[in-house]
Novice: 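This is the structure I have questions about; it appears just below.
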Amino acid sequence: MASFGRFYESSEVVSYYSPRFSLDDASIVERIANKALKGTLSSVQNLLLWDAGWNDTSSIPPNQTAVSHAKNWIVKLYLEVSCLGRPWMQPNVTAGVYGEVVFEWWYRNHKLTIYIGDEDAEYVQVWGTDIYSEMADGNAESSSTCRSLWLWLIS
Amino acid sequence: MVVTPVADDETLYRRVPQGKNFYITQANGTVKFSSQAFADRSFRPSVDRAELCHYDPTWTQRDVSDGVASVVTRDVRSIDTVVQNDEKGNPIRVFCANVEHVPIIGHAELLSNFAHAEIYLIPNCTNKAVFRRLCERLAQLVSERPWEIEPQGIQ
């Protein structure tokens, strides 16, 4: 979480959260997020220990950039969910074969997968078995998308 | 080595390495597989034909701690609504899934495996978004069946 302060001071987060608490409260928010996400952040960090070829001969393990991005992204999602007043669910944490950090949640018949690469975050939503009409995908970087995805997941 | 057709009723084994968080066990005991259990950089997930390895799922293990899940060929071939959209979300290409026998003989890096087969899309797909949706569906299919071999140790 060394980069949390920098993340928190980013313009997008400040503009969204400033009505709720000041930057002086960042350390309090950091402690809360750290505690709530302790297991998840630890699981993400541990992905750096995976070797090349961790799944098959061509699998790339996540690198430091993707791991840092994933930590910042999950903290952002957690804060969004907190501000919405909705319950948090710990994700399954694994990796993709291209070195992405992958978060997954299952809730009733909803499944949400998030792929975090060095610079991008993408989602796949699943609410049935038909790949065309019951799955959707897109970019998951913006705060508004994060909120929408969570509200959909728990609906 | 003769390459033979894969019949619809054939069971296919998929290795699930222990410790990579490729599944969760829900509170009611239901196992949900991660889509990453089928991720593959060549867009052709490997499986073993049960019929060609004497219905012995240990054939598919690389390590004794590995789990082995299974799927039926007919169910894979029933996946026929994989659609690639353009940037505006309009469908431009439709894929269907298939399974073919790809025995591994004399490979420089891989152990010989005459039961080896691959799941692939027709027409050939190298689109990540499309393949991710296929992996979600394959994960659903293996989640519907009991373990052939449950992974050892704590997930």
Novice: Looking at B:L111, I'd like to know if its CG atom is crowded, meaning that more than 12 non-hydrogen atoms belonging to other residues, nucleotides or ligands lie closer than 6.0 Å.
Specialist: no
Novice: On a heavy-atom basis, which atom in A:Y115 and which in B:S35 lie closest, and how many Å separate them?
Specialist: OH-OG, 3.9 Å
Novice: In the single-linkage hydrophobic clustering (I, L, V, M, F, W, Y; side-chain heavy atoms under 4.5 Å), do A:W127 and A:Y132 co-cluster?
Specialist: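 Cluster IDs for A:W127 and A:Y132 differ.
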Novice: Can you tell me how far apart OG1 (B:T81) and CD (A:E134) are? Round to the nearest 0.5 Å.
Specialist: 8.5 Å
Novice: Determine whether A:W152 and A:W150 fall in the same hydrophobic cluster, where Ile, Leu, Val, Met, Phe, Trp and Tyr are linked whenever their side-chain heavy atoms lie under 4.5 Å apart.
Specialist: yes
Novice: Locate the shortest heavy-atom distance separating A:W50 from B:G19; write the atom from each residue and the value.
Specialist: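 Looking at all heavy atoms of both residues, the shortest contact is CZ2-O, 4.0 Å.
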Novice: Answer yes if A:I114 and A:Y98 sit in the same cluster of Ile, Leu, Val, Met, Phe, Trp and Tyr residues linked by side chain heavy atoms under 4.5 Å apart, and no otherwise.
Specialist: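 Yes; tracing contacts between hydrophobic side chains, which count when under 4.5 Å, links both residues.
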Novice: Does anything in residues 101-108 of chain A get under 4.5 Å of chain B by heavy atoms, and if so which residues?
Specialist: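 Checking residues 101-108 of chain A against chain B gives A:V102, A:E104, A:W106.
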Novice: Between A:W88 and A:I154, is there shared hydrophobic-cluster membership here, with clusters defined by ILVMFWY side-chain heavy atoms closer than 4.5 Å?
Specialist: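 Yes, A:W88 connects to A:I154 through the hydrophobic network.
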Novice: Using heavy atoms and a sub-4.5 Å threshold, report which of residues 112-143 of chain B line up against chain A, by residue number.
Specialist: B:K128, B:A129, B:R132, B:R133, B:L134, B:E136, B:R137, B:Q140
Novice: Check whether B:D80 gets within reach of chain A through its side chain, its backbone, both or neither, counting any heavy atom under 4.5 Å.
Specialist: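 Contact with chain A involves no heavy atom of B:D80 at all.
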Novice: So which atom in A:N92 and which in B:Y23 form the shortest heavy-atom distance, rounded to 0.1 Å?
Specialist: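 Smallest interatomic distance, heavy atoms only, reads OD1-O, 4.4 Å.
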Novice: Would you name the heavy atoms of B:N21 and A:T94 that are closest together and state the gap between them?
Specialist: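 Minimum heavy-atom separation between B:N21 and A:T94: O-CB, 3.7 Å.
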Novice: Which one, B:A39, B:S42, B:S34, B:P91, leads in non-hydrogen pairs under 4.5 Å with chain A?
Specialist: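 Option with the top pair count is B:S34.
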Novice: Can you get from A:M89 to A:V126 by hopping between Ile, Leu, Val, Met, Phe, Trp and Tyr side chains that sit under 4.5 Å apart?
Specialist: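 Yes, because A:M89 and A:V126 connect within a single hydrophobic cluster, where side-chain heavy atoms sit under 4.5 Å apart.
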Novice: Looking only at heavy atoms, what is the nearest atom pair of B:R15 and A:N55, with distance?
Specialist: NH2-O, 2.7 Å
Novice: Under a 4.5 Å heavy-atom cut-off, does chain A meet the side chain of B:E109, its backbone, both or neither?
Specialist: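 When you check distances to chain A, only side chain atoms of B:E109 fall under 4.5 Å.
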Novice: How about B:R41 and A:I60: do any of their side-chain heavy atoms sit closer than 4.5 Å?
Specialist: yes
Novice: Between A:E100 and chain B, which part of the residue has a heavy atom less than 4.5 Å away: side chain, backbone, both or neither?
Specialist: side chain
Novice: If you count heavy atoms of other groups shown closer than 6.0 angstrom to CD of A:Q64, is the number above 12?
Specialist: yes
